[in-house]
Amino acid sequence: MTSLLRNGFLTLLLSLALVVALVAIPADNLDPCADSVAAAATTPTWSVRVDSVARRVVRGHLPCASQLTGSDSLFADLPHLLRTSGALVLTTMLLVILIAVPAGIAAGRDRHNAWARSAGRLIQTLSSLPVIVWATAIFALAFRSGQSVMTNPWVTFTAAVVTLLLGDRLLGDVHDRVARSTHELLAEPHIRTVRAAGFSMRRHLVQGLVPPVADAIASRTLLLVGGAIVAERLYGIRGLGSLVFDALKSNPMEREVIVVSTVALVTLGIMMRAVAEGAAVLADGRRRM
Amino acid sequence: MTKLIIPTAFNKRRRIPARMLSGLVLLAMLIAANIAAYIFHHERSDSYLCLAPSHIAIIRTALGAERARESSDATASFAFGFNCSGDAGSDASDSSARLFGTSPAPIARVGRPYTYRPSLIQSGNTDRWSVEAIDAAGRETGWLAVDPQSGVLTGTPLVPTTLDVRLTAKSDDGRARLQQWKLYVDDRFLLLGTDNNGRDVARALLEAMQSTVLPATIAALIVLGVGVPLGALSGFFGGRAASLLIAISSAVQSIPGILLIALAGRLSGWNLLLIMAAVGVVLLPETASGVRELVERFKRRDFVEAARELGMSDNRILWDEIVWHNGRQFIVERVAQSYAAAVLAEVTLGFLDLTDSLTPSLGRVLLVGREVNAPAMLVPALLLLLLVIGCFSLLPRGFAELWGRPR
Amino acid sequence: MGAPALKNPEPVLEIQDLVSLFETPAGVVRAVDRVSLSVQDGRVLGIVGESGSGKTQTFFGVLGLSRGTPGVVSGRARIGNVDVLEGLPEHIHERVDSDGAVRVVKDPAWRRLQEERLKGVLGHTVAILFQDPRRSLVPYWTIGRHLQEVLHRKGSAPDDARRGRAAELLRGLGFAEPARVLQSYPEQLSGGEAQRAMLALTMAIKPRVLIADEPTTGLDTINQALALESIVEQHERHRMAIVLISHDLSVIDAMADDVLVMYAGRVVARAPAAVLRDLPDEAVHPYARELRESRRRRTLGQPIVAGAAPPRPLSPTGCAFQLRCELRSRLDADRQAMCATEAPNLKAVTEVHSVACWGIAT
Amino acid sequence: MLGDRDVTSLAGGTEEREANTTLVLEARGLVRQFNRRVRFGVSESILAVDHVDLVVRGGDVLGIVGASGSGKSTLARMLTCLLPPSAGQVILNGRDVYTLDKETVRREVRPAIRMIFQDPDAALNPAYPIGEGLRRALMLGGRVSSEHIDESISKLLAEVGLPSSYAFKYPDELSGGEKRRLGICRALSSDPVVIVADEPLSGLDVVLQERVLALFLHEQTVRQFALVLVSHDLDRVHQVCNRVAVMFAGRVVESAPVVAPQLAPEFRYRHPYAIELAAAKDRLHYGLQGRSADHRHTSEFAATREFGTPTGTTSRMKGCAYRGACPRYVRLGRPSHCAEAVPELTEQAPHRSVACHFSEAD
């Protein structure tokens with residue numbers, strides 16, 4: 001458990017420091033739309049800038065955000081945005097677990113199982129194509145079936161999930177790691193004793209497999225958050241990702257929006273990794289011992 | 001005692017495997033394309049990114065186009081549309097362009113209809129539109145006509161020339177707004193045709209490759225130069241500083257990589273080198289922890305102590321016995337993956353319309369292709385992208401065959 | 001070894017013509033080559049042979065514990081009343097590989113069928129004492145937990161009765177403070193202690209057959225003696241059949257009723273221990289004779305004579321032992337040709353002693 | 001050389017053998033402490049080797065015998081300059097090897113003291129063929145110039161009986177015996193003065209063990225190095241060594257010359273643990289045979305023994321570490337002297353020193 005706390009805490013601390021540092025970088029020009037910063041003279045000193053942003057973030061009144069999110073305060077809109085992004089990541093990860101983990105276990109358990117091997121090869125080839133290719137393919141399909149289909153939120157959500165699922169070797173990596181850890185687990189001498197003494201294998205398989213699978217899922221979740229914000233932007237899903245990118249694209253750049261949404265995304269990533277590592281710690285008696 | 005000559009390097013006599021060859025050929029093609037693009041890129045005039053007539057001939061013969069024509073006007077260069085100074089879309093001549101929301105396409109194709117629909121920003125009242133298009137010799141051309149009420153410009157050019165077009169809109173209160181731009185009429189054959197603005201797609205791809213693949217080497221070098229040693233040293237010597245660095249980089253890893261890269265891009269004004277450096281830093285932790293785990297796994301093996309017993313220094317054990325002999329395949333795979341990931345990151349930025357149109361990028365070609373649904377643009381761009389990905393997955397497999405055990 | 005009266009002569013474990021193949025970097029190895037054996041109830045069958053002679057793989061292949069592919073490919077095996085390899089031929093098929101090599105492949109259904117069938121056998125009729133006890137016991141379970149699991153499955157006695165039973169089992173095996181051992185994890189025990197803890201586990205199972213795979217390797221002489229004596233004691237008390245696998249003839253000679261000598265995956269000699277000990281040299285299989293002499297030198301502590309004799313590998317064709325065999329040089333020409341071309345199979349010399357060698361008159 | 005050892009010749013010969021052989025390697029007061037993390041925040045310090053003094057003379061075959069966990073492997077690694085001791089010195093031609101700088105160690109100490117590892121497979125880098133491994137050993141040994149490397153590789157391989165085509169093979173293609181021979185070949189590559197072999201016989205069967213030991217002795221006659229054989233197998237030590245040091249819980253409890261097994265009383269072991277080892281060895285060979293006859297012996301033996309053989313995990317135990325299982329301690333009514341004072345090695349007979357406060361006679 002200690003590694004989990006230390007790791008999570010360190011990550012949050014460092015990402016906050018990184019984002020605050022971003023705020024401190026002197027912007028190329030002042031923030032014209034921020035009417036509340038009337039008193040900003042030439043280029044305010046570093047402390048003034050941070051203070052002003054902090055005050056605004058805390059008070060929840062972010063006028064600039066209003067142009068993007070259309071509501072009076074970013075914080076009112078944050079839960080909804082976080083839910084969308086979170087839903088995208090969670091659904092994709094659930095699908096990964098449902099597809100890659102069983103296929104990986106089957107492939108790891110018996111190297112010569114023809115069905116498992118072909119499934120593995122299919123997963124590998126499919127997932128080796130980048131997200132871009134899948135997005136373009138889906139758009140080509142969408143055009144063929146008329147422009148309107150892309151406006152239905154459910155269609156865009158599923159399209160985003162499919163793109164994320166099949167892109168950037170996500171399925172392939174998880175499948176490989178699960179297959180490898182299954183193969184290594186079954187080669188462990190104590191598994192042979194469990195089978196020879198007639199104990200039930202399931203408990204030992206779970207206890208042996210959950211930690212490596214959870215580690216594989218945890219590490220890929222972080223990359224998935226990155227993929228999710230790309231998918232949001234591609235399919236125009238109103239989530240944290242599209243907000244951040246809009247803020248990035250806006251001229252002049254709205255720092256507060258970037259600050260808040262980055263922290264939100266980081267927390268999303270860390271919470272998911274914490275859940276996965278928690279599962280690993282609970283299942284593996286060895287760590288507890 | 002049988003005299004036995006053992007080649008000191010035991011896998012010397014082995015021909016280069018097929019997969020390795022194909023990977024190398026692909027890589028060579030990419031680099032050649034980039035060098036070519038770089039040469040032409042270097043030649044461009046300051047206002048337009050364009051080819052000097054002599055270079056057109058070279059490309060056309062290289063691309064096997066059937067009719068090479070020297071344009072009469074030595075200075076008239078073949079506009080390519082990626083204007084590298086000033087904002088995209090506006091022509092250099094008229095400051096009033098800012099009043100017009102849209103920008104005219106700079107190239108017209110002989111035999112293909114050319115249209116432009118201006119939109120006045122404050123067009124409250126009715127305006128009467130008129131156009132004059134004078135070619136270099138000062139003659140008025142007839143094919144360009146404007147609809148007085150809506151100002152829509154239409155016409156099909158017949159002869160390849162260079163025109164100075166002036167579009168004026170007179171409102172009834174006497175104020176006149178003027179948009180002026182240089183229109184090139186071109187009739188040359190273009191291998192991949194043009195995009196909606198009449199720009200040559202092949203040229204755009206060539207240009208994009210140069211701005212995507214070559215800078216990606218910076219990311220790969222960072223991963224190789226910093227990630228691998230960091231992982232190896234912290235794995236073998238377990239230094240406190242090295243593991244702290246890895247902890248920090250894994251913390252950085254929790255921030256979505258694409259966001260960091262986009263931020264770095266935006267803050268640096270889309271300076272490609274800095275973007276690629278950011279990509280390198282984002283990809284670094286994965287490689288570093290991978291190498292560290294590999295080194296730790298091998299460090300515990302007895303042959304490390306056996307090597308120390310032989311009198312091998314720790315450094316040689318780490319770099320020769322563990323990293324080179326047992327880790328090289330993993331490192332080559334990881335660096336190839338990072339290279340492909342760097343290219344993909346840059347393409348993703350372009351695809352998400354995050355980069356400005358100044359930097360030619362494969363992503364932007366895909367973006368434009370997606371918006372106007374022009375297969376002529378999408379298909380070649382995708383093929384080029386898959387070429388890059390394919391090349392970087394073939395290379396490690398080729399190395400695996402070369403370094404693997406002889407069967 | 002005077003064997004106790006044969007109460008129930010019907011063998012508790014029987015294997016006929018077992019063949020098992022393994023794919024290794026150097027090609028397909030025939031680890032077990034047409035091995036037949038049977039284990040009578042209440043008797044100790046000793047199997048002696050070099051490492052890699054297939055003595056362990058014979059049992060582990062049948063019991064589905066070996067990881068190699070394809071594993072057991074033909075033969076029949078019966079444990080108790082379960083015919084373990086029934087229906088094997090239907091699950092075996094040949095597949096021509098990409099590089100033209102013909103590969104024997106078992107389809108995955110066989111593994112599930114095997115697990116189902118062995119559920120009633122492993123941990124009930126058969127118990128196994130593995131070679132490296134510290135790594136074979138479950139690392140995240142205490143010794144007490146191991147015993148609890150078995151005792152729980154065996155009888156429905158309440159918790160504390162089971163703990164008492166476990167402590168009493170350990171005390172019976174010479175543990176001074178069973179309480180300490182019950183709470184400790186396998187890695188906290190010494191080699192000898194872990195060995196006897198695993199023996200306690202097999203005793204809790206009360207099997208009809210105990211397969212002890214190299215119980216004495218890696219132990220110092222005191223723990224070796226203790227391990228063997230504990231096995232003997234449990235054998236006396238529970239009347240179970242024991243299969244004792246070892247490369248050390250003195251261990252086999254000390255405990256086994258019948259001895260099986262294996263070489264390169266084949267049974268080359270079978271006889272009761274007493275008979276094998278007294279047979280004259282020319283009646284015994286050359287490999288068995290080499291083992292006997294080596295054991296005699298070791299028992300007498302005769303110093304080893306310096307000498308740089310080169311290793312004598314197995315010969316792939318004909319009798320595997322021919323390259324090391326002294327007897328072959330004294331045979332006549334056509335029998336020597338037989339040694340080179342064809343592997344001899346087991347033939348009975350007397351009604352209790354059989355040998356697989358062209359040079360020994362049957 | 002050591003062939004004809006009967007009681008009389010060796011007893012007489014022992015003295016003058018000692019005189020003319022020069023002192024090669026000496027260990028003075030070697031101590032090695034490990035701290036092991038038992039639970040979070042709680043770590044226990046273990047004294048693996050506790051003030052060991054050893055003397056190795058030219059042409060010696062010194063046997064170090066003890067149970068697994070008695071610290072003999074740790075001692076071996078300290079002798080070969082692989083593991084710096086917590087205290088004490090290892091002296092090679094008059095200089096303490098652990099005080100020398102890295103360069104002199106690499107140039108002078110490493111080629112002089114070589115080690116053969118317990119698991120030969122793990123000591124070979126799997127990524128390149130054996131020839132490449134030997135080439136590196138020869139280059140680092142510094143005895144061969146680079147253009148003669150190929151010849152000396154095939155010469156070394158031939159010396160241990162391996163054909164020179166093995167240079168192209170990878171470590172996992174070799175059999176157990178062949179890997180052992182390769183280990184020897186690797187150690188000989190730098191013409192060492194002392195070779196320390198850590199359990200060179202584990203994993204080999206009886207016949208192969210004899211051949212490997214014969215090879216060791218043959219090489220010793222040819223190259224005149226001192227051999228330190230670390231093993232748990234008392235039989236083999238008696239067959240090969242001329243001196244033995246018996247270790248228990250990190251301490252040398254008895255250091256004695258090795259004389260033919262049917263010993264006259266004055267040549268038998270004097271320390272209770274050493275006596276126990278020898279008795280268990282003999283019981284393995286003779287006692288167990290009459291298993292059913294003197295059944296009483298086995299059960300009585302197990303019952304009296306409070307046997308939790310401490311595995312060297314006792315941190316610096318006050319008094320004698322063996323008293324927990326020592327019959328003499330029980331017979332003399334658990335004298336408190338054993339519990340307080342640590343018994344020092346005292347000379348109780350010519351060339352025989354024992355670490356026990358009392359003797360067999362009391």
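Bear in mind the structure is a predicted one, so any value in this text is a computation, not a measurement. A note on names: the letters A, B, ... follow the listed sequences, proteins ahead of strands, and every chain is numbered from 1.
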Most chain B-contacting option - heavy-atom pairs closer than 4.5 Å, from A/L223, A/L234, A/L268, A/L265 = A/L234
dist A/I132:CD1 -> B/T348:OG1 (nearest 0.5 Å) comes out at 4.0 Å
Candidates A/V131, A/I229, A/V244 - the one meeting side-chain contact (heavy atoms from CB on, under 4.5 Å) with B/I258 = A/I229
Distance from A/R233 atom CZ to B/L349 atom CG, nearest 0.5 Å?
-> 10.5 Å
A/V133 and B/L382: CA distance, side-chain angles, deciding distance, side chain to side chain contact (heavy atoms under 4.5 Å, CB included) verdict = CA-CA 7 Å; A/V133 171; B/L382 278 182; 4.1 Å; yes
Applying side chain to side chain donor-acceptor pair (under 3.5 Å) to A/S242 and not counting sequence neighbours gives none
Which portion of A/L129 sits near chain B, non-hydrogen atoms under 4.5 angstrom = side chain
If you look at every heavy atom in B/P256 and A/V225, which pair is closest and at what distance?
-> CG-CG1, 3.6 Å
With B/L259, which of A/V266, A/L240, A/T262 fulfils side-chain contact (heavy atoms from CB on, under 4.5 Å)?
-> A/T262
Please step through side chain to side chain contact (heavy atoms under 4.5 Å, CB included) for the pair A/T136 and B/F351, ending with a clear verdict.
-> CA-CA 10 Å; A/T136 324; B/F351 196 65; 4.1 Å; yes
In short, B/I389 meets A/S128 closest at the heavy-atom pair CG2-O, 4.2 Å
With sequence neighbours excluded, tell me which residues meet side chain to side chain donor-acceptor pair (under 3.5 Å) with A/Y235.
-> A/T163
Rounded distance (nearest 0.5 Å) linking atom CZ of A/F245 with atom CG of B/L263 = 10.0 Å
